[in-house]
Each structure stands twice: as C-alpha cells, then as structure tokens.
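Below: the structure, in structure tokens.
The shown structure was predicted, so the numbers you read here are calculated from the model rather than taken from an experiment. Computed over heavy atoms, backbone and side chain alike; hydrogens, waters and symmetry mates excluded.
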Amino acid sequence: MIRPFRESVEDAVASALRARGLPTDDLGIEEPPDDVASVFASSIAFRVADDLGTAPPQAAVSLAADIDTEPHEYVERVEATGPYLNFFPSESYFADTLEAAQAADYGSLPARDVSVVVEHTSANPTGPVHVGRARNPIIGDAVANLLEYAGYDVDRHYYVNDAGRQIAVFTWAYERFEESELPDPARDREEYRMVRYYRRGNEFLQDADPEAVEAAEAEIEAILRGLEDGDEETYERVSEVVDTVLGGMKACLGRLPAAFDEFVKETRFMRDGSTDDVVARLKAHENAVYENDAWQFTFEDIDKNLVFLRADGTSLYTTRDLAHHEWKFDNYDRAVTVLGEDHKLQARQLKAALSELGNDPERLDTVVYSYVNLPEGKMSTRRGTGVQLDDLLDESIDRAREEVQARLEDRLRDDDLDGADVDRIARQVGVGAVRYDIVSKQPTKAITFEWDRALDFEAQSAPYVQYVHARCRGIEAEADGIDPALDAAALSGDPERELLATVARLPGVVEAAAADRQPHRIATYTREIADRFNGFYRECPVVTASDDRTKAARLALVVAARHTVANALEILGVEAPESM
RNA sequence: GGGCGUGUGGCCUAGCGGAUCAGGGCGAGAGGUUCCUAACCUCUAGACCGCGGGUUCGAAUCCCGCCACGCCCGCCA
C-alpha cells in the first residue's frame, strides 16, 4: 500500500504546485523521522517560500490548505509541521496492508516482463573458493533475489574462464604430475584434490631449472594454441580439468546456497566465431589502432587502450568478454554483473567498447565490491594463502551449534528440540550469520576478515532477525484454534500500529533497493522490522490477550510480520527458521 | 605520478541535501524472566561525521584542496 500512497503524495503535491504555476520537477518527498507518524513528508515549502513571498512554515500551511486528500484513499490528511508537509495514513491504509501481508509472497512486486541476467562469482576454476571472493556469490545471489522480488525475470550466470593461461598451466600440471608426489588434500572434494596439481605446477615453473621450465612452457603454449585454433582434443583435455574443479566449487557455493541457471564458458565464444566477429568489427572501427605489434582500441575518456588482438592473432580475455556480453544482449533485456573492484577499469573499457560496437550501454549495470582481506594480507589460490569459504562455514556452524546447546539447558519453551533440530538450527544460524554479515554492509567498504567479528551472534546479526521469525511461528503454534482476523481497527495501540506501518514499507524498500541494486538496504530494513516486532511482542500478548477480538487481530498481525521477515530474509538468502 | 573507491564515539555500521538528540550494534556500567522462546528488553557513559576552505535558507551528505588507507594503471585473467 506504500507504493500507491507515495503516488498519491506525489500527485497531491504536484497538483498544489501546478495550481500556483510552480515547477514540479522536485517534490521534496522524503521519509519522516522516527517520531513522526506520517508515512511521507515533503520539504517543498523550503523551495517555494521565495516564490510565495513567505517564510517556509507559512508556505507549508498555505500549501497544506490547497491539498485535497479526498481523492486519495490511503491519505487521511496532510498537516503542516513547521516547514514540512506530513501525509498521514488512513484506516484503510492499515487495513489493506494487514490483508496484503497475509499473502505468502508479500513484498514481491508485479511482473515487469523484463528479463535480466545476473552474472556473479565467475571465480576462475583453479581451486577452492576462499573468503576473499565470498562477497561475490553472497552479494550476487542477493541482487538476483532482489530483482526477482522486484518483478524481473532473472537468470543467474557463472562465467567460466576456461581459456586463459592459468587453465593451460593447470591442464599441463594435471597431466604432468602424479598424485603420489602431492600432499594430502585439505578436504575430500574435487577442487581440493585438483588444486594440488595447480600449485605444484606453479612451484615447478618458478623453481625448476630453466631448461625444464622452457619445455613446460612449450607444452602450455601448445594448449593455449589448441584452444585458440578450436582443436577438439585440446578442448576435451582442458574441459576435464575445468569441469572437475568447477564441480567442487559448485558444491561449496551450494552451501550458501548460491545456485546458477547456467555456467557459461568463455571458450564458447571462441568456438562459435563470435569473438572473431567482434575482432573484425573492432578492427574496422575508427578508434582501432595497430601499435607495438598489437591491435588496440582507444577511448575518448579512458586513457588506457584496450589491446584486443595480439600480434600472433590470438584474442584476449576482454575481447571474448565483449562477445559474451553481446550474447547476453541478444538473450536478455538487461545485464547485471557483480565484480571485484580490481576489475573496474576493465569493466569501464568493456562498457565503452560495447557502446562503440553499437550496443546500448545502459542495458549493462555493474555492482562493485571491495575484496575481503586477512589481517596479514591478501588471499591467493595459487599460493595457497587464505581462509576457505568451506572452513568459514564449518566454523560458523560449529559455533552456532555450541550456542544452541548452551541455550537448550535453560530454555523456557517446551517444544522438545531433537538432534535433527539442533543440526538444522546450527546450519541455519551459522550460514545465515556469515551471509548476513557480508550482505548487510555497503559492498564498496573494505572488509578485513576477523573470525570473532564475522561470527558474532548477538544483536544486528542474522540470528537476531531469525529469532523474530521463530517467535512468530511459536505464537502461531500456541494460538492453535484461534482464527486470524483482518481487523486492523482492533490494532489501535502504538506498538501494533508501528509494527503494521513497518510491515507496510516492505514493497517500497524492495522497489528502491532493486532500482539501485543495493541488497544491504533490505538488511537494514530487517533490523527495523525486528525491532518493531520485539516492541510489539513485549507490549502486546497475543495468545493471552484479554479478549477474543484482540487475539484474532493480533494473530493476523503476527502472520503479516512473519511473511514480511521471511521474505526480507529470503531476498538476503538467509533461512527463516521455524524454531530456534 | 595518474584514475577509481573508502574515511561516522575504543571497535563495527546506517544515513549520502532538509525536522533543536547524527540512528543502530559490539565493548563498558546498572537493571529486567511467577506472563506467547532472555539469540530479548530498559537505562547510563561515550562523536567537533579524516583535516581545511567553499556553495546553500539548510551540509555527515554537494564542490575544491589536503591527509590516510584500499584497488587499478599487463600483448594475465
């Protein structure tokens, strides 16, 4: 109901301005401070005070008198508070919110008939996913969920870099070394077993005598050459390595869970001729130059050329990525890419080159995040430094389990949690805490990974919000036999009204967060709804309320709040426990 | 050297032009459970919003300069 309310406010303010011949380009609509009970406010009086020849407070009074709220069902009245116009909700605003939030998909917006491909993670298939990269699947999955809630038709893609030198090195190393000469894997899964070859190969290239290295380099070169030439046998050899490693990485990401509709391989755009096509069109473009034995593309506002073809005729990563993105444009209306800040320059070049090739750059958005570093420095798969995402999840789940068991002893609720429940809660809380900690912060902020900070289950973490959901479920279980009633009039107390008003905001928060591709705003909202629910929980007993009408109405409010919390958590990719 | 990003109480973080308290949380101190789960709640202490200018009726928010930190500036991906 908040979206029609906002439209009403915009319409009302614009009408009042038009009636006086004032511009309507900036209506000054904003959200009021916590202690004001209006849904929206406008600071327009500041801007039009001069035109009206009065001070802002008088201008506000004057405008308020002009505004007719009658045509707007959800707007009860408008009131001038100092220089501000405050728009207060009508009874039907609360009634319709209570009803709308009974739907299990409350908060999801109507379908837009716009398809969007969200590409995220796309970590090179060289070994285990470490926490330095963990921000990507967590933010990426939340962005995809958020866009889905906002009504877009979303596909999730993982772009597989299976054509680069490091993959050639990996393939060579896998064929060159025997498992018996490698250390035991850190974990019994494909990518942990395979990365040993990759690390061994890199050590060899660094430490072996020059002749041996030269021979190895020739073999690696042959693999690269074979891929470039479309040699089927080379492709098979490389694919065996890539697919095996990727299988393990997929299992790791599945723990978050982050799932993909498609794994798109880079070699696909070499094999189908689209990279050659891009090269030909780039060459023909007036910005193309041949300098220092390589074809380069120049830009007007980027002073770094893009080398798109080597002297030997081989393509580069970004060249193939251009073909990849034109393929996305052929198949989707919009494309969103989640990538680390180290790829920002390349992303700018990509977008500019796409534009010069005749594509509409507005169709491509990037969500940039800063890397997670360790106190002692950067993480690296090749060097084997860093904390693996698997280890982080294991540790978090272990700590969550200890917490569950410690709380079991002085638990008030008598609902007989069994061993399976303990496992379930430990996993939901453990994984949820990791995701929430990462997704709730602005992605551009740098993070230094510290165990204790990442795994804090106190307030402002996933379990704080999850607990609210479990409490709702607990109340519903206790209220067995009471039918929830859509009776907003019976919910007249402040805690009830404030909770309902916060429930009402979810669709607006989803819309705004999706427009800017900022899932952390959903996390901020989950804290607000949880705070409001806790206030309601403290003040307003449901099952033990004094009369049946209040019980039934409050129960409907609990259901509404539960859907709101569950769906906000779903966008973040955090599970909502039935009990904990 | 150039480009991009970040800088909010001891620590983490929201806000990114508007409402005489700059919200939360952690940590510190004091309380709360005969009542739907205390992973909760209430109260106290703690901030010249990196520094200096400017624009504006109004700046944590915009502009300029400086400082600190991160990332990038490869015919790697």
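The cationic group of A:Arg135 does not satisfy the cation-pi geometry with A:Tyr371, failing either the under 6.0 Å distance to the six-membered ring centre or the 45° limit from the ring axis.
Within the 4.0 angstrom heavy-atom criterion, base atoms lie near A:Asp293. Using a 4.0 Å heavy-atom criterion, one finds that A:Ile425 contacts the bases of the nucleic acid, with or without backbone contacts as well. No contact: A:Val368 has no heavy atom under 4.0 Å from any strand. At the heavy-atom level, A:Val558 lies nowhere under 4.0 Å from the strands shown. Residue contacts shown for A:Ala49 are absent, as no nucleic acid heavy atom lies under 4.0 Å away. Contact annotation for A:Phe46: base contact, defined as any heavy-atom pair under 4.0 Å involving a base atom. At a threshold of 4.0 angstrom between heavy atoms, the contacts of A:Cys472 with the nucleic acid are absent. Nucleic acid contact for A:Tyr537: base, since at least one base atom lies under 4.0 Å from a heavy atom of the residue. As judged by a 4.0 angstrom heavy-atom cut-off over every strand, A:His520 is placed among residues touching the sugar-phosphate backbone only. Nucleic acid contact for A:Arg473: none, since no nucleic acid atom lies under 4.0 Å from a heavy atom of the residue. Contact annotation for A:Asn86: base contact, defined as any heavy-atom pair under 4.0 Å involving a base atom. Here A:Ala41 lies in heavy-atom contact (under 4.0 Å) with a base. Residue A:Pro56 is classed as having no contact, given no heavy-atom separation below 4.0 Å to the nucleic acid.
The base-pairing partner of B:rG74, taking Watson-Crick or G-U wobble contacts with both distances under 3.5 Å, does not exist among the strands shown. In this structure B:rC21 sits in no base pair that meets the Watson-Crick or G-U test at under 3.5 Å.
As rounded to whole Å, 12 Å separates atom P of B:rC72 from atom OH of A:Tyr369. One can place CG of A:Leu345 at 12 Å from C1' of B:rG2, the figure rounded to the nearest angstrom. What separates CG of A:Asp35 from C1' of B:rA22 is a distance of 14 Å, to the nearest Å. Taking atom CG of residue A:Asp531 and atom C1' of nucleotide B:rA39, one finds them 14 Å apart after rounding to whole Å. Between the CZ atom of A:Arg554 and the P atom of B:rC35 there is a distance of 18 Å, rounded to whole Å. Look at CD on A:Gln442: it is 7 Å from P on B:rG7, rounded to the nearest Å. Distance A:Arg527 CZ to B:rC12 P: 16 Å, rounded to the nearest Å. A straight line from CZ of A:Arg562 to P of B:rC36 spans 20 Å, rounded to a whole angstrom.
B:rG27 and B:rC66 are spaced 34 Å apart, taking the C1' atom of each and rounding to whole Å. Distance noted for atom C1' between B:rA28 and B:rC71: 36 Å (whole Å). Here, B:rC62 and B:rA47 have their C1' atoms 23 Å apart, quoted to the whole Å.
Side chain of A:Pro32, nearest nucleotide from B:rA19, B:rG70, B:rA77: B:rA19. In this structure, the nucleotide among B:rA39, B:rA77, B:rA19 sitting nearest to the side chain of A:Leu316 is B:rA77. The A:Asp303 side chain lies nearest to B:rG2 when the options are B:rA19, B:rC40, B:rG2. Among B:rG25, B:rG70, B:rG3, the nucleotide with an atom closest to any side-chain atom of A:Arg348 is B:rG3. Comparing atom distances between the A:Lys304 side chain and each of B:rA19, B:rC76, B:rC73 picks out B:rC73 as nearest.
Crowding of A:Asp480 atom CG: a count of heavy atoms from other residues, nucleotides or ligands under 6.0 Å not exceeding 12. Atom CD of A:Glu291 sits in a crowded spot, with more than 12 heavy atoms from other residues, nucleotides or ligands closer than 6.0 Å. For A:Asp303, the CG atom is loosely surrounded, since the number of other residues' heavy atoms within 6.0 Å does not exceed 12.
Side-chain polar atoms of A:Tyr436 and A:Thr526 form a donor-acceptor pair below 3.5 angstrom.
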As a quick check of understanding, evaluate salt bridge (Lys or Arg N to Asp or Glu O under 4.0 Å) for A:Asp423 and A:Arg401, giving each step before the final call. CA-CA 7 Å; A:Asp423 286 346; A:Arg401 181 175 287 107; 3.2 Å; yes
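Looking at heavy atoms from C-beta onward, A:Arg225 lies in side-chain contact with A:Asp312 at the 4.5 angstrom threshold.
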